[in-house]
Amino acid sequence: MSEKNREGKRTARERMLEQRAADEVSSRRKKKLIVGGSVLAVIAAAVIAGVVVQNQRSKPETPVAAPAGTIGDKNLVIPVGAGNAPSVLTIYEDPRCPACGAFEREFAATIDQLEDAGKIYTNHHIVSFIDRAVTGRGSRTGANALGCAQDAGHFRDFHDVLYRNQPDETNDAFGDKAVLLNLAKQVNGLDTPEFQACVKDNKFGGWVSAVQQDFDKSSFKSTPTVLLNGEPIYPKNGSGEEITPANLATWVDAANQGKQLGTAGSHGQTPAPTSAASEANNPSPAAG
């Protein structure tokens, strides 16, 4: 074979090898671009998801509208009684909660008397978690209606009527606004066009959600949760005594011994309390 032919074959072989090497480089580059693009897409998706989650977390929990006279951080608490009463009774309850209904039917009269005597200042947290576990919306619509009653200055009377007429937990009667409006007729002065519009338009729906969010972040996981000056008393107090209407009155008198009673009133329509007085003896629950 001539040197020329050998050179020609060598050149062709070299060109083939060079082309193959170039093809491999190009293939590796394409793979890197594809992988890199996928990584960038994943990162971009993660960034977008993070922004969405952060935006959700950043949504203000402070309600746009809160019932008149509500107190505490973000106005989530409905107060009843004299703000200068020596003891604070705190109650967390859900309108659909059967245990709350049983508690209220047994203790409402005693609590009302203690409030009217200026012995306690009751702080109500109206939560609405039962709707999550049981089909319906009665917890939320009932809580909104209670907010509307507070806004109209008739919370305590409507609250007592609502629990006296509470349906079974699985019966979502309070999800029907007509039922709530009909019950409002039992409270003198509450059944007004303003109250009806408040209930029908779910005026305080955002406030109801904010109250529930606050409860979710607390150390309390069930209703009713009842505290006297920050200490749990339901179903028993710290000494192991079971709560009864008589025991509740005794515990309040013991806590108030030597202290001046608050401004006496009736039906919870005492002078509007100040936020400074709210839960003064009742520390906020620890986050859970």
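Under a 3.5 Å cut-off, the side chain of Glu241 and the backbone N or O of Lys236 do not form any donor-acceptor pair. Asp201 places no side-chain N or O within 3.5 Å of a backbone atom of Lys203 that could act as its donor or acceptor partner. One N or O on the side chain of Arg96 and one on the backbone of Glu169 form a donor-acceptor pair closer than 3.5 Å. Between the side chain of Asp168 and the backbone N or O of Thr170, no donor-acceptor pair lies under 3.5 Å. The main-chain N or O of Val226 is never found under 3.5 Å from a side-chain atom of Glu93 such that the two would form a donor-acceptor pair. At distances below 3.5 Å, not a single donor-acceptor pair connects side-chain atoms of Asn84 with backbone N or O atoms of Gly262. A side-chain donor-acceptor contact under 3.5 Å links Asp131 to the backbone of Arg140. Between the Lys221 side chain and the Ser218 main chain, a donor and an acceptor come within less than 3.5 Å of each other. A donor-acceptor pair is defined here as one N or O able to donate and one able to accept, closer than 3.5 Å; no such pair exists between the side chain of Ser128 and the backbone of Ser139. Remark: the backbone N or O of Gly189 is not paired with any side-chain donor or acceptor of Thr192 at under 3.5 angstrom.
Trp207 approaches Ala66 most closely through the heavy-atom pair CD1-CB, 3.8 Å. Nearest heavy-atom pair across Leu146 and Pro95 is CD1-CG, 4.2 Å. In terms of heavy atoms, Thr225 sits closest to Ser222 at OG1-O, 2.7 Å. The shortest non-hydrogen separation linking Pro224 to Cys100 is N-SG, 3.6 Å. A pairwise comparison of heavy atoms in Arg105 and Pro98 identifies NH2-O, 4.4 Å as the closest pair. Summarising the geometry of Asp172 relative to Gly138, their closest heavy-atom pair is OD1-N, 2.7 Å, with the distance given to 0.1 Å.
Taking Phe103 as the reference, Phe107, Tyr234 meet the ring-ring contact (aromatic ring centres under 6.0 Å, His included) condition, with sequence neighbours excluded. Applying the side-chain contact (heavy atoms from CB on, under 4.5 Å) test to Asn202 and every residue at least two apart in sequence or in another chain returns Asn144, Lys177.
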query: Given Asp253 and Lys119, is the side-chain contact (heavy atoms from CB on, under 4.5 Å) satisfied, shown in steps?
result: CA-CA 8 Å; Asp253 286 340; Lys119 293 183 177 183; 3.0 Å; yes
field: Candidate pair Asn229 and Trp251, rule side-chain contact (heavy atoms from CB on, under 4.5 Å), full reasoning
entry: CA-CA 11 Å; Asn229 297 326; Trp251 298 342; over 6 Å; no
query: What's the verdict on side-chain contact (heavy atoms from CB on, under 4.5 Å) for Val208 and Gln212, showing C-alpha distance, side-chain angles and the deciding distance?
result: CA-CA 6 Å; Val208 169; Gln212 180 57 47; 5.9 Å; no
task: Quick one: do Glu104 and Gln166 satisfy side-chain contact (heavy atoms from CB on, under 4.5 Å)? Show the steps, please.
output: CA-CA 10 Å; Glu104 288 295 344; Gln166 186 191 54; over 6 Å; no
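Here the rule is side-chain contact (heavy atoms from CB on, under 4.5 Å) with Val88, and of Leu227, Leu228, Asn123 only Asn123 fits it. For the side-chain hydrogen bond (donor to acceptor under 3.5 Å, both in side chains) with Asp191, the qualifying choice from Lys185, His154, Gln196 is Gln196, the only one to do so.
The shortest distance between side-chain heavy atoms of Val161 and Arg164 falls below 4.5 Å. Contact annotation: the side chain of Leu190 never approaches that of Asp157 to less than 4.5 Å [non-hydrogen atoms, C-beta and beyond]. In this structure, the side chains of Gln186 and Asn165 come closer than 4.5 Å at one or more pairs of heavy atoms.
One hydrophobic cluster holds both Phe158 and Val127 under the rule that ILVMFWY side chains link at heavy-atom gaps under 4.5 Å. In the hydrophobic clustering of this structure, Ile91 does not group with Tyr163; members are Ile, Leu, Val, Met, Phe, Trp, Tyr whose side-chain heavy atoms approach within less than 4.5 Å, directly or through other members. Under a hydrophobic clustering in which Ile, Leu, Val, Met, Phe, Trp and Tyr are joined whenever their side-chain heavy atoms come within less than 4.5 Å, directly or via other members, Leu181 and Phe174 fall into the same cluster. A continuous path of Ile, Leu, Val, Met, Phe, Trp and Tyr side chains, each step under 4.5 Å between heavy atoms, connects Phe204 with Val179, placing both in one hydrophobic cluster. Side-chain heavy atoms closer than 4.5 Å link hydrophobic residues (I, L, V, M, F, W, Y) into clusters, and following such links, possibly through other members, connects Ile126 to Phe129.
The CG atom of Leu248 lies 6.5 Å from the OG1 atom of Thr110; values are rounded to the nearest 0.5 Å. Rounding to the nearest 0.5 Å gives a distance of 10.0 Å between OH of Tyr121 and OG1 of Thr90. Atom-to-atom distance recorded for Asp112:CG and Ile120:CD1 is 8.5 Å, nearest 0.5 angstrom. Between the CZ atom of Phe195 and the NZ atom of Lys200 there is a distance of 11.0 Å, given to the nearest 0.5 Å. For the atom pair OG1 of Thr70 and CD of Gln150, the computed distance is 6.5 Å after rounding to the nearest 0.5 Å.
Between Phe155 and His124, a ring centre-to-centre spacing shorter than 6.0 Å is recorded.
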